[in-house]
Amino acid sequence: TPDGDFLLVGAERDSLSRALLVRVDVQGNILAERNIVHPNYAEYSFLEPVDMQWTPDQGLIITCWQEGLNSGDVNIGVIKLDSLWNNQWRKTYGNLKFERPWTTEILADGSLIIGAVRMNINQTAENYTWQTWILAIDSLGNELWNYFSPIEQLRDAANGLFVLENGDL
């Protein structure tokens, strides 16, 4: 954090899976913590954070993978918190396939680039497909653009993103 503390985000599991956000000082003392549950809790409970980024307004973006609303699917969840950890918005991206985020990059204007993978292994154990998925959203969570690799090319997630000075990836 700007004042020298550390922010940690991880998964907490017992009968549920939820995100746990913790702020600690340099001595390791817990200063604050917050649980974040699935947006459709208690019907759906699986939510696991993957990445966290500071936003230009001193808030946080937490990128998660979460249980989808259809049996067996997993979607990308994005949670925007203000500087006091209050929810500003949360959105879900994906469809009836297995979509999992791997990395995120915040741009100067507050928009977000998410590197992910999309696959259909939750639907069938044969003839499965993998696609690298790069998703851009604005600072309010609205989709700007998508890129899906051709099926059977780039058979993994976008595991790392690097934004060049001119804005290219």
Side-chain angles (χ1 to χ4, degrees), residues 1-26 28-118 122 133-147 157-161 163 169:
T1 65
D3 55 4
D5 294 337
F6 298 94
L7 285 180
L8 311 167
V9 66
E12 183 176 45
R13 292 191 183 98
D14 44 37
S15 61
L16 303 173
S17 175
R18 59 193 167 274
L20 177 63
L21 181 60
V22 180
R23 184 177 186 147
V24 298
D25 64 18
V26 294
N29 300 309
I30 296 175
L31 303 174
E33 61 182 88
R34 175 168 178 220
N35 282 302
I36 302 170
V37 297
H38 192 286
N40 295 310
Y41 174 82
E43 186 177 357
Y44 301 95
S45 65
F46 180 79
L47 174 82
E48 186 168 307
V50 175
D51 201 1
M52 176 177 58
Q53 299 285 329
W54 285 108
T55 58
D57 62 0
Q58 300 305 305
L60 294 170
I61 286 280
I62 301 173
T63 309
C64 307
W65 60 309
Q66 63 189 29
E67 184 177 9
L69 300 181
N70 297 295
S71 177
D73 66 324
V74 176
N75 301 127
I76 296 171
V78 178
I79 303 164
K80 171 66 169 87
L81 304 176
D82 66 18
S83 62
L84 300 174
W85 297 4
N86 297 309
N87 285 344
Q88 287 191 302
W89 55 262
R90 59 191 305 171
K91 303 264 180 132
T92 300
Y93 307 92
N95 60 20
L96 297 177
K97 297 188 179 192
F98 182 104
E99 292 102 359
R100 185 184 193 285
W102 285 97
T103 188
T104 55
E105 279 291 324
I106 295 275
L107 304 180
D109 65 359
S111 60
L112 180 71
I113 309 288
I114 302 169
V117 65
R118 172 180 274 180
N122 59 324
W133 182 16
I134 301 174
L135 168 66
I137 61 176
D138 68 17
S139 62
L140 299 175
N142 301 307
E143 289 187 41
L144 298 173
W145 54 264
N146 283 288
Y147 167 78
N159 292 308
L161 297 170
V163 180
L169 290 176

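FYI, the numbering just counts along the sequence from 1. No hydrogens, no waters, no symmetry mates; every other heavy atom, side chains included, goes into these values. On a predicted model such as this, the values are computed, not experimentally measured, just so you know.
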Trp145 CH2 to Ile113 CD1 distance, which is reported to the nearest 0.5 Å:
4.5 Å
For Asp51 and Thr104, which I'm curious about, is there any donor-acceptor pair between the side chains at under 3.5 Å?
yes
Would you check, one step at a time, whether the test side chain to side chain contact (heavy atoms under 4.5 Å, CB included) holds for Leu81 with Leu21?
CA-CA 11 Å; Leu81 304 176; Leu21 181 60; 3.8 Å; yes
Rounded to the nearest 0.5 Å, how far does CG of Leu60 lie from CG of Leu84?
10.5 Å
Spatial distance of atom OG (Ser139) from atom CG (Leu144) [nearest 0.5 Å]
9.0 Å
Over all heavy atoms of both residues, which pair between Pro49 and Cys64 is shortest? Give the atoms and the distance, please.
CA-SG, 3.8 Å
Distance, nearest 0.5 Å, that separates CG of Leu135 from CD of Glu99:
10.0 Å
Could you check whether any side-chain heavy atom of Asn146 comes within less than 4.5 Å of a side-chain heavy atom of Tyr93, counting everything from C-beta outward?
no
Distance check, rounded to the nearest 0.5 Å: Ile106 atom CD1 versus Leu112 atom CG?
4.5 Å
Separation between CZ of Arg23 and CG of Asp5, rounded to the nearest 0.5 Å
4.5 Å
Atom of Gly59, atom of Lys80 and distance for their closest heavy-atom approach
CA-NZ, 3.8 Å
Atom of Glu143, atom of Ile137 and distance for their closest heavy-atom approach:
CA-CG2, 4.0 Å
Looking at side-chain heavy atoms only, is the closest gap between Thr55 and Gln88 below 4.5 Å?
no
Side chain to side chain contact (heavy atoms under 4.5 Å, CB included) partners of Leu140, counting only residues at least two apart
Asp138, Asn142
Cation-pi check for Trp133 against Arg118: NZ or CZ below 6.0 Å from the six-membered ring centre and within 45 degrees of the axis, yes or no?
yes
Least distance between heavy atoms, Leu107 atom then Pro56 atom:
O-CG, 4.0 Å
Between Val9, Leu8, Ile61, which is the residue that forms a side chain to side chain contact (heavy atoms under 4.5 Å, CB included) with Met52?
Val9
Do the non-hydrogen side-chain atoms of Ile114 and Val78 ever get within less than 4.5 Å of each other?
yes
Identified side chain to side chain contact (heavy atoms under 4.5 Å, CB included) counterpart of Asn87 within the set Ile36, Asp82, Ile79
Ile79
State whether the side chain of Arg34 and the backbone N or O of Val22 hold a donor-acceptor pair below 3.5 Å, judged by distance alone.
no
Of all the heavy-atom pairs spanning Arg100 and Trp65, show the shortest one and how long it is.
NE-CE2, 3.3 Å
